[in-house]
Chemist: 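My structure is below; once you've seen it, I'll send some questions.
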Amino acid sequence: MPKKDLVIVESPAKAKTIGKFLGSEYEVKSSFGHIRDLPKKGLNIDIEHDFEPHYELNPDKKKVVAGLKKSAKAANTVWLASDEDREGEAIAWHLCKALGLNPSTTKRIVFHEITKTAIDHAIENPRTVDIKLVDAQQARRILDRLVGYELSPILWRKVRSGLSAGRVQSVAVRLCVDREREIKDFKAKTFYKLTANFSVAKKHQEFPAEFNKSIDNHDQAKHFIEAVKNSTYQVESVIKKPGFRSPPPPFTTSTLQQEAFRRLGYGVRQTMSLAQKLYENGHISYIRTDSTLMSLDHLNESAEYITKTYGEKYHHRRQYRTKNTSAQEAHEAIQPSKVNKLDCGSNNQEKRLYQLIWQRTMASQMSPAKVEKTEVAISISRHPEKFMAKGEILKFDGFLKVSGNIKDDTLLPPLATGNKLDLKQMKAIESFTRPPARYSEATLVRKLEELSIGRPSTYAPTISTIQSRGYIEKKDIAGIERPIKIIVLEKGKLSEQATTIVTGTDRSKLVPTLLAEIINDFLTKYFSDIVDYDFTADIEKDFDRIADGAIKWPIMIKKFYKQFHPLVTKSAKVKREEVTQARTLGLDPKTKLPIMVRFGRFGPVLQRGSTDNEKKPDFAPLPKDTDMESVTLKQAVEMFKLPRVVGKTEKGEEITANIGRFGPYIQVGKTFVSIKDLDLHVITEAEARELYQEKLEQLSKKIIKDFGNGIKILNGPYGPYITDGKKNVPIPKTDQPVTLTAQTAKTMLEKAPARKPFRRHRARAKAKSRNK
DNA sequence: CAGTGAGCGAGCTTCCGCTTGACTT
C-alpha cells in the first residue's frame with residue numbers, strides 16, 4: 001500500500017469534509033483543538049527564568065495524540081492545517097512538539113473556506129510554522145495564567161474558598177456591577193407625552209400625531225391643553241421622502257447568540273449546543289467565528305437561488321467587512337451549507353435556529369427594502385408649536401421577504417397643505433425616563449465583543465462561569481407600580497384621570513450578587529489596570545508587536561509582571577475586614593464586645609468580638625429585611641439573644657425560639673413550629689404553648705397509618721402519600737389509603753423515581769462536572 | 001406547592017482558548 005499524506009485540522013467535522021475533497025492519497029485527521037497546555041494544577045511558569053512555561057500533554061488528549069503520532073510516522077508528508085490565527089498557529093507548533101516534527105521544516109497550510117479550490121491552492125503554497133505568531137499566543141496564555149492564578153488565591157483567603165478572577169471574567173462581572181449601580185442611582189424623571197387624534201374635516205379617517213416638544217410636568221401639560229382648547233388645526237406641510245433599509249450582515253457567533261435570544265429566547269449556551277449539532281451534521285458552516293465574510297461559492301449559490309426564487313430585482317450581492325478590528329478571521333460567517341435547503345435540524349429547536357441562520361444569510365444577499373416616509377406638520381391656531389404625524393409605506397419588500405418581520409405600514413389618509421383638521425382627542429400621559437438596561441446573556445456578549453474581550457469560543461463558557469461562581473444571577477425582575485395622571489381633551493371638555501403603570505419589569509437579566517460587588521470593589525481598588533475596560537485592547541497591541549517581531553515575548557511579560565506582581569503582594573496584606581467591607585455597629589451592652597457586620601463565607605453576617613482575642617467571636621445572621629448598609633446595633637443585639645428560651649411546655653420540655661432558613665420558629669425537642677404573626681423576641685410562654693399544641697394536633701391528624709421501619713402513610717396538603725423518609729409517593733384517588741398493606745406501600749416506594757435533590761445542590765454538582 | 005430548621009477544621013479550589021463527547025439530571 002502506498003504511503004499517504006497526513007493532514008491535521010482542528011475540528012473532526014472539518015476533517016470529514018476536507019477528506020472528501022482530497023481523495024484517497026490523503027488521510028485527514030483532527031487534533032480536537034489544543035493538545036498541550038500548562039497543567040491545571042500550579043502556575044507552571046518559571047518566573048526566575050524568563051517566564052519559561054512548562055507545558056504538558058492535555059490528559060484527555062493522550063489518545064488523540066497517540067493516534068496522530070502513529071499516522072504521522074506512517075505518512076509521506078505531514079500537513080499542519082490548523083486555523084489561521086494565533087491559537088491555530090500555536091496548535092500547529094504544539095503538534096510539532098508532541099509528534100516529534102521539526103517546526104522549521106514541517107509544512108503548514110491554511111485556508112479560509114472549505115472548497116476544493118481553496119484547499120488545492122493551500123497545498124500548492126505551503127509555509128512553515130510562524131514562530132512569532134506562536135510567541136504572541138504564548139504571551140497571551142502566560143499572562144492569563146499569571147493574572148488568574150495570582151489573583152484567585154487572594155480571594156480564597158480574603159473572601160471565600162473556590163472563587164476566581166481573570167482578565168475576561170472579572171471585567172464581565174464589573175460590567176454587570178457598574179450597570180446595576182447606574183440603575184440603582186438612576187433618578188427617574190417624569191414627563192408628559194402629548195398626543196392627538198385628528199381627522200380630515202367631514203371625513204372620518206382618524207390618524208394620530210405627536211406634539212413636537214417635550215413637556216416636563218403636570219402644570220405645563222394642563223396649561224398647554226387649556227391654552228389650545230379652542231384652537232383650530234390645519235395641515236401646514238406634507239413632506240414625502242423615500243427611504244430604505246438594508247439587511248444586516250450574516251451571523252458571527254456573537255450576533256447569532258444575540259438574535260437567537262431576541263427572537264427565540266435561547267440562552268447563549270443553548271444556542272451554541274444547538275448550533276454545534278447543526279454543524280456536526282453538515283447543515284451549517286463553522287460556528288465559532290468573528291467574521292462576516294462569505295465564501296465565493298456561497299455568494300454564487302445565493303445569487304442563483306434568490307434570482308430563481310424571487311427574481312432578479314431581489315438580489316444584491318454583498319461582501320461584508322468585519323467591523324471588529326481585533327477579529328482574527330480564521331473562519332467564514334455562519335452560513336447554511338446548502339442555500340436551497342430550507343429545513344434542517346433533528347428537532348424543533350434546531351430547526352428554528354437553522355431557519356434563523358438561513359434567513360439572515362439569504363437576507364444579506366438581497367436588495368434593501370424601500371419605503372416612503374411621510375411627515376405631516378399640523379399647525380395650532382393658538383400656539384406656535386406643531387403636531388407631527390408620521391406615516392410609512394413599504395414600496396418594495398426586498399430582504400424583508402425572507403427575514404419574516406415585515407413591519408405593518410403606518411398609513412395616513414390623503415392630506416394636502418391647507419387641509420382643515422378636526423381634533424378628535426388630545427391626551428397628555430405622565431411617563432418616566434428609563435434607566436440604562438440591564439444586560440442579558442446576549443447583550444453582555446455583545447458588550448464584551450465590542451470591548452474585544454474574550455473570543456467566540458469563550459463567550460458562552462464565560463457567561464456560565466460568572467454564574468456558577470455566584471457572581472451573577474439570571475433573574476426576572478418585578479417592576480414597580482406607579483401612579484400616573486392622564487389629562488384628556490375631548491369634545492372641548494378637559495378631564496383628568498389617575499391610574500397606574502408598571503415600570504422596570506425585566507425578564508431573564510443578569511444581576512450581580514453582593515459577592516460580586518465585594519470582589520469587584522476589591523479588584524477595582526487594588527487592580528484597577530486589570531479590570532479596566534481597555535486592558536485587553538491595550539495588551540492586544542503588545543501581542544501584535546510580538547507577532548510582528550518588534551518585541552520578544554519574555555520582555556513584554558516581564559514588563560507586565562513587574563508592575564502587576566507588587567500589587568499582588570500589596571493586596572495580600574490588606575485586612576480581611578477591609579476586603580469584606582466590615583462595619584462596626586457599636587458595643588454589645590451585655591458582653592461589652594464590639595459588634596460588626598461584614599461579608600462572611602456564606603454572605604452577610606453579624607460578628608460579636610474579634611478574631612484577635614483568645615475567645616472566639618460569635619456569629620449571627622442578619623435580621624430579615626435588613627442588609628449590610630442598613631442593619632443597626634439594636635437589631636444586631638437582638639440577634640445575639642437567639643436562640644431564646646421562651647419557657648416550658650406543660651410537660652416541662654424547653655421551648656426555644658430562633659430564626660432558621662425558612663424564617664422564625666419555636667422548637668420543642670425535634671418539633672419545629674413556624675411563627676408567622678408573632679415576634680420571636682417577645683413571644684410569651686403561653687403563646688408558644690398554644691402554637692405547639694396546635695402543631696401536635698395537626699401532626700396527629702397527619703399520620704394515617706404507620707407500618708414501622710419509617711414507612712408511613714401521611715396526609716399532606718395535596719392528599720395522602722406514602723413516605724419512607726427519603727421518597728414520597730402520592731396515593732391515587734382510586735385507592736383507599738387505610739386499606740393499603742405494608743407490602744403494597746413498599747413496592748410503590750420502590751417503583752417511584754428517586755426524589756430530586758434541591759436545585760441549589762444540582763447547580764453546584766453541574767458546575768463541578770463542567771469545570772473538571 | 002408538601003417536609004425542611006447545615007456549617008469542625010483536611011486539603012482543595014483558580015485563568016483563557018481551542019475542540020468534542022461522556023457523563024448525569
Side-chain angles (χ1 to χ4, degrees), chain A residues 9-15 30-38 40-45 58 60-61 64 82-83 85-91 94 137 140-157 160-170 273 276-277 279-280 286-288 328 330 453-459 461-462 465 469 536 600-602 619 643 656 658-667 670-674 702 714-721 723 725-726 728 730 753-759 761-763 765-766 768-772:
Chain A
V9 295
E10 291 181 38
S11 148
K14 203 168 168 181
S30 144
S31 76
F32 292 81
H34 275 294
I35 50 151
R36 292 206 320 164
D37 190 15
L38 301 169
K40 246 174 90 87
K41 179 138 183 54
L43 199 60
N44 293 289
I45 296 165
N58 236 326
D60 54 348
K61 294 286 169 58
V64 174
S82 47
D83 298 344
D85 58 16
R86 205 161 63 201
E87 299 296 328
E89 205 64 24
I91 289 174
H94 280 298
Q137 191 275 347
R140 198 280 305 152
R141 179 69 189 94
I142 289 161
L143 184 136
D144 281 337
R145 172 55 68 94
L146 288 170
V147 170
Y149 274 36
E150 292 208 356
L151 285 185
S152 301
I154 303 177
L155 303 181
W156 304 343
R157 289 197 298 271
R160 183 191 296 175
S161 145
L163 293 175
S164 64
R167 172 176 62 80
V168 172
Q169 59 169 284
S170 295
S273 88
Q276 178 74 24
K277 284 276 171 301
Y279 167 65
E280 283 169 13
Y286 192 62
I287 61 166
R288 285 173 278 266
Q328 306 194 4
I453 298 171
R455 305 278 314 129
S457 66
T458 59
Y459 295 139
T462 301
T465 300
R469 293 275 179 277
T536 293
R601 269 202 299 166
F602 307 108
F619 297 97
T656 54
N658 204 351
I659 296 178
R661 279 203 287 168
F662 314 105
Y665 65 95
I666 56 165
Q667 183 178 9
K670 281 189 171 176
T671 308
F672 298 86
V673 191
S674 290
K702 207 176 113 179
L714 300 178
N715 204 2
Y718 303 94
Y721 65 97
T723 181
K726 285 177 194 154
N728 297 334
R755 190 172 71 154
K756 281 185 200 162
F758 283 121
R759 200 178 234 166
H761 295 170
R762 220 164 51 196
K766 232 179 190 172
K768 236 182 183 171
S769 70
R770 222 178 9 246
N771 295 328
K772 77 164 190 280

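Sequence lines set the chain letters: A, B, ... in the order given, protein chains first and strands last, and positions in each chain run from 1.
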Chemist: A/N658 has an atom CG; how far is it from atom C1' of B/dT4, in whole Å?
Modeler: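 Whole-Å distance recorded here is 15 Å.
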
Chemist: Can you measure A/D85 atom CG to B/dG17 atom C1' for me and round it to whole angstrom units?
Modeler: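 It is 10 Å, rounded to the nearest whole Å.
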
Chemist: Applying ring-ring contact (aromatic ring centres under 6.0 Å, His included), can you list everything that pairs with A/Y286, at least two apart in sequence or on another chain?
Modeler: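 Counting only residues at least two positions away or on another chain, A/Y286 forms a ring-ring contact (aromatic ring centres under 6.0 Å, His included) with A/Y279, A/H331.
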
Chemist: Do any N or O atoms from the side chain of A/R601 and from the backbone of A/R160 form a donor-acceptor pair under 3.5 angstrom?
Modeler: no

Chemist: Looking for any heavy atom pair under 4.0 Å, which part of the strands does A/E150 touch: base, sugar-phosphate only, or nothing?
Modeler: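 Nothing, no nucleic acid heavy atom in range.
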
Chemist: Could you tell me the separation between the CG atom of A/L155 and the P atom of B/dC15, rounded to a whole number of Å?
Modeler: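 One finds 11 Å between P of B/dC15 and CG of A/L155, rounded.
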
Chemist: So, do A/R167 and A/R140 sit near enough that their side-chain heavy atoms are less than 4.5 Å apart?
Modeler: yes

Chemist: Under 4.0 angstrom, heavy atoms only, what part of the nucleic acid is A/Y286 near: base, sugar-phosphate, or nothing?
Modeler: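 Contact class for A/Y286: sugar-phosphate only.
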
Chemist: Distance criterion of 3.5 Å, no angle test: do you see the side chain of A/R141 paired donor-to-acceptor with the base of B/dC15?
Modeler: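 For A/R141, whose side chain was compared with the base of B/dC15, there is a donor-acceptor pair (under 3.5 Å).
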
Chemist: Between the protein and nucleotides 11-13 of chain B, are there any N/O to N/O pairs under 3.5 Å, and if so, what are the atom names and distances?
Modeler:
unit_1: B/dT13; atom_1: O2; unit_2: A/S161; atom_2: OG; d: 2.9
unit_1: B/dT13; atom_1: O2; unit_2: A/G162; atom_2: N; d: 2.3

Chemist: Is any side-chain N or O of A/Q667 closer than 4.0 Å to OP1 or OP2 of B/dG5?
Modeler: no

Chemist: What is the separation between atom CG on A/D37 and atom C1' on B/dT19, rounded to the nearest whole Å?
Modeler: 13 Å

Chemist: Would you say A/Y149 stacks on B/dT14, if stacking means ring centres under 5.5 Å apart and planes within less than 30 degrees?
Modeler: yes

Chemist: Using a cut-off of 4.0 Å on non-hydrogen atoms, how would the nucleic acid contact of A/G88 be classed: base, sugar-phosphate, or nothing?
Modeler: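 The answer is nothing, as A/G88 stays clear of every strand by at least 4.0 Å.
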
Chemist: Any Lys/Arg nitrogen of A/D83 or A/K14 sitting under 4.0 Å from an Asp/Glu carboxylate oxygen of the other?
Modeler: yes

Chemist: Could you tell me whether the phosphate oxygens of B/dC18, OP1 or OP2, come under 4.0 Å of any side-chain nitrogen or oxygen in A/R455?
Modeler: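 For B/dC18, OP1 or OP2 has a side-chain N or O of A/R455 closer than 4.0 Å.
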
Chemist: Rounding to a whole Å, what distance do you find between A/E10:CD and B/dG17:P?
Modeler: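 Whole-Å distance recorded here is 15 Å.
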
Chemist: Please find the pair of heavy atoms, one from A/S82 and one from A/E10, that lie closest to each other, and give the distance.
Modeler: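 Here A/S82 and A/E10 meet closest at CB-OE2, 3.5 Å.
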
Chemist: Any side-chain heavy atom of A/Q137 sitting closer than 4.5 Å to one from A/I91?
Modeler: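 No, every pair of side-chain atoms sits at 4.5 Å or beyond.
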
Chemist: Establish, with yes or no, whether the OP1 or OP2 oxygen of B/dG17 is under 4.0 angstrom from a side-chain nitrogen or oxygen of A/T458.
Modeler: yes

Chemist: Distances under 3.5 Å only, N/O to N/O: pair up the protein atoms with those of nucleotides 7-9 of chain B.
Modeler:
none

Chemist: May I have the distance from A/Q137 (atom CD) to B/dG17 (atom P), rounded to whole angstrom?
Modeler: 10 Å

Chemist: Do you know the tightest heavy-atom contact between A/F32 and A/K61?
Modeler: O-NZ, 2.8 Å

Chemist: Residues in side-chain contact (heavy atoms from CB on, under 4.5 Å) with A/D37, at least two apart?
Modeler: A/R141

Chemist: Go through B/dC16, B/dC18, B/dT19 for me and flag the one nearest to the A/P12 side chain.
Modeler: B/dT19

Chemist: Check whether the side chains of A/R288 and A/S457 place a donor and an acceptor atom closer than 3.5 Å, and report yes or no.
Modeler: no

Chemist: Would you kindly give the NE2-to-C1' distance between A/H34 and B/dC16, to the nearest whole Å?
Modeler: 9 Å

Chemist: Are any of the side-chain heavy atoms of A/S164 and A/S152 separated by less than 4.5 Å?
Modeler: yes

Chemist: Of all the choices, B/dG17, B/dC15, B/dC18, which nucleotide is nearest to the side chain of A/R140 once you look at every atom?
Modeler: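 Nearest to the side chain of A/R140 among the choices is B/dG17.
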
Chemist: Of all heavy-atom pairs between A/Y149 and A/L43, which one has the smallest distance, and what is that distance?
Modeler: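 Minimum heavy-atom separation between A/Y149 and A/L43: CB-CD1, 3.8 Å.
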
Chemist: Looking at the side chain of A/V168, which of B/dG5, B/dC18, B/dC16 is the nearest nucleotide?
Modeler: B/dC16

Chemist: Kindly write out the residues that satisfy side-chain contact (heavy atoms from CB on, under 4.5 Å) with A/E280, not counting sequence neighbours, or none if the list is empty.
Modeler: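 Only A/Q276, A/K277 meet the side-chain contact (heavy atoms from CB on, under 4.5 Å) criterion with A/E280.
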
Chemist: Under 4.0 Å, counting only non-hydrogen atoms across every strand here, what does A/S152 touch: a base, just sugar-phosphate, or nothing?
Modeler: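 If one applies the 4.0 Å heavy-atom cut-off, A/S152 turns out to touch a base.
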
Chemist: Report the secondary structure of DNA chain B in dot-bracket form, marking unpaired bases with a dot and bases paired to a different strand with |, and treating Watson-Crick or G-U pairs with both distances under 3.5 Å as paired.
Modeler: .........................

Chemist: Would you indicate, yes or no, if B/dT20 has its OP1 or OP2 atom less than 4.0 angstrom from a side-chain nitrogen or oxygen of A/S11?
Modeler: yes

Chemist: Between A/T458 and A/V168, is there a side-chain heavy-atom distance shorter than 4.5 Å?
Modeler: no

Chemist: With a 4.0 Å cut-off on heavy atoms, is A/G600 in touch with a base, just the backbone sugar-phosphate, or nothing at all?
Modeler: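 No contact.
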
Chemist: Toward the 5' end of DNA chain B, which comes first, A/Y279 or A/A165, by nearest nucleotide?
Modeler: A/A165

Chemist: Would you kindly give the CZ-to-P distance between A/F672 and B/dG3, to the nearest whole Å?
Modeler: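 Result: 14 Å.
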
Chemist: Has the side chain of A/R288 got a donor or acceptor that lies under 3.5 Å from a partner of the other kind on the base of B/dC18?
Modeler: no

